[in-house]
Every structure is written in structure tokens, then in C-alpha cells.
Amino acid sequence: MLPRAHRLTSGRGFALAVRRGRRSPARTLVVHLWEPPADQPADGADAQVGFVVSKAVGTAVDRNRVKRRLRALVAERLDRLPAGAVVAVRALPSAAGASSLALGRDLDRALDRMSGRDRAGAGA
């Protein structure tokens, strides 16, 4: 279960992540991540994560199953998210037929692409 402090519930937060954040696609999902500016450190602020699972993913049962799996996978990876970050995880239609293992691999791949290590290596 995703702790309450890490749940993104406001439309403003989703818009911030999707419109101003960086985007990292994978086979079954897309991760949108917005980090606070470097001159405004988010000391001790929790990262907030929200999920977008549209009707294109499938029936209500399919959508809720995908959401539950993604919530559990993100909860295991909260320590990898920057403090104060706003993250929106958007499930693609292929997520409905994917196993939790496949969703986890795609989530790891997307987060790795956005990590500070990858950005530092890309510019060097």
C-alpha cells in the first residue's frame, strides 16, 4: 500500500508532472516526473505519486488490477524518488495483459532513465 503522505490526489499535481515534468516511456507505462527547482530544495518533503489508468486499458476490473499492481510496485521504490518530486504513472493499454514482473521491469527502466546518474552520464 502506498503511504498517505506519498499519494498524489490533486489535479494540479498531475498537471504539474505531465506538463512540466520529464517523461520516460516504457512498453507498458509512461512515467512523468517533476522535481522542485535546485534553488528551492524540498527539505524533507515526501515525493507524491499518482496513477492514470484510462478506459483504453480495459474494463473497470482490469483498470483497478493494474492500479493495485502499480501502487504496490511504486511503494517498493519510494526511496528512489527525489524529495518533493511529483510523479504521474500512466498505464498504457498493454499494461492490462502484463504481469507484475513486466510492470516492475518497465517501471525500473523508466525510473533509471530519469535518475541523476543517467542525466550526469548523458551530459559528460
Where Asp46 and His6 come nearest, the two heavy atoms and their spacing: CB-CE1, 3.7 Å
Given side chains that start at C-beta, do those of Leu78 and Pro3 come closer than 4.5 Å, heavy atoms only? yes
If you round to the nearest 0.5 Å, how far is CG of Leu73 from CG of Leu103? 6.5 Å
side-chain contact (heavy atoms from CB on, under 4.5 Å) assessment of Arg113 paired with Val31: CA-CA 10 Å; Arg113 277 192 223 124; Val31 176; over 6 Å; no
Give the other cluster members for Leu101, using side-chain heavy-atom distances under 4.5 Å between Ile, Leu, Val, Met, Phe, Trp and Tyr residues; answer none if it is isolated. none
One thing to verify: whether Arg65 and Asp62 come together as a salt bridge, which I'm taking to mean a side-chain N less than 4.0 angstrom from a carboxylate O. yes
Please report the closest heavy-atom contact between Val86 and Ala17, naming both atoms and the distance. O-CB, 3.7 Å
Should Arg80 and Met114 count as side-chain neighbours, where that means a heavy-atom distance under 4.5 Å? no
Identified side-chain contact (heavy atoms from CB on, under 4.5 Å) partner of Val87 from the options Leu8, Val49, Val74: Val49
Identify the two heavy atoms, one from Pro36 and one from Gly84, that lie closest to each other, and give their separation to 0.1 Å. CD-O, 3.6 Å
Separation between CZ of Phe51 and CZ of Phe14, rounded to the nearest 0.5 Å: 8.5 Å
Minimum heavy-atom distance Val53-Lys67, with the two atoms named: CG2-CG, 3.6 Å
Checking Val57, Val66, Val30 against Leu92 for side-chain contact (heavy atoms from CB on, under 4.5 Å), the one that qualifies is Val30
Short side-chain to backbone donor-acceptor contact, Asp106 and Ala26, under 3.5 Å: no
Considering all heavy atoms, the nearest Ala98-Arg27 contact: CB-NH2, 4.3 Å
If hydrophobic clusters are built by linking Ile, Leu, Val, Met, Phe, Trp and Tyr wherever their side-chain heavy atoms come under 4.5 Å apart, do Leu33 and Leu2 end up in the same one? yes
Within the 4.5 Å heavy-atom criterion, are Arg23 and Arg90 side-chain neighbours or not? yes
Should Leu111 and Leu81 count as side-chain neighbours, where that means a heavy-atom distance under 4.5 Å? yes
Is it the case that more than 12 heavy atoms not belonging to Arg20 sit under 6.0 Å from its CZ atom? no
Return the minimal non-hydrogen interatomic distance between Arg63 and Ser54, and the atom names on each side. CD-O, 3.1 Å
So do the side chains of Glu35 and Arg22 get within less than 4.5 Å of each other, counting heavy atoms only? yes
For the CZ atom of Arg4 and the CD atom of Gln48, what is their distance to the nearest 0.5 Å? 12.0 Å
Within this structure, what is the CZ-CG distance for the pair Arg69 and Leu107, rounded to the nearest 0.5 Å? 14.0 Å
State which residues pass salt bridge (charged side-chain N to carboxylate O under 4.0 Å, His left out) with Arg71; sequence neighbours excluded, sorted by chain then number. none
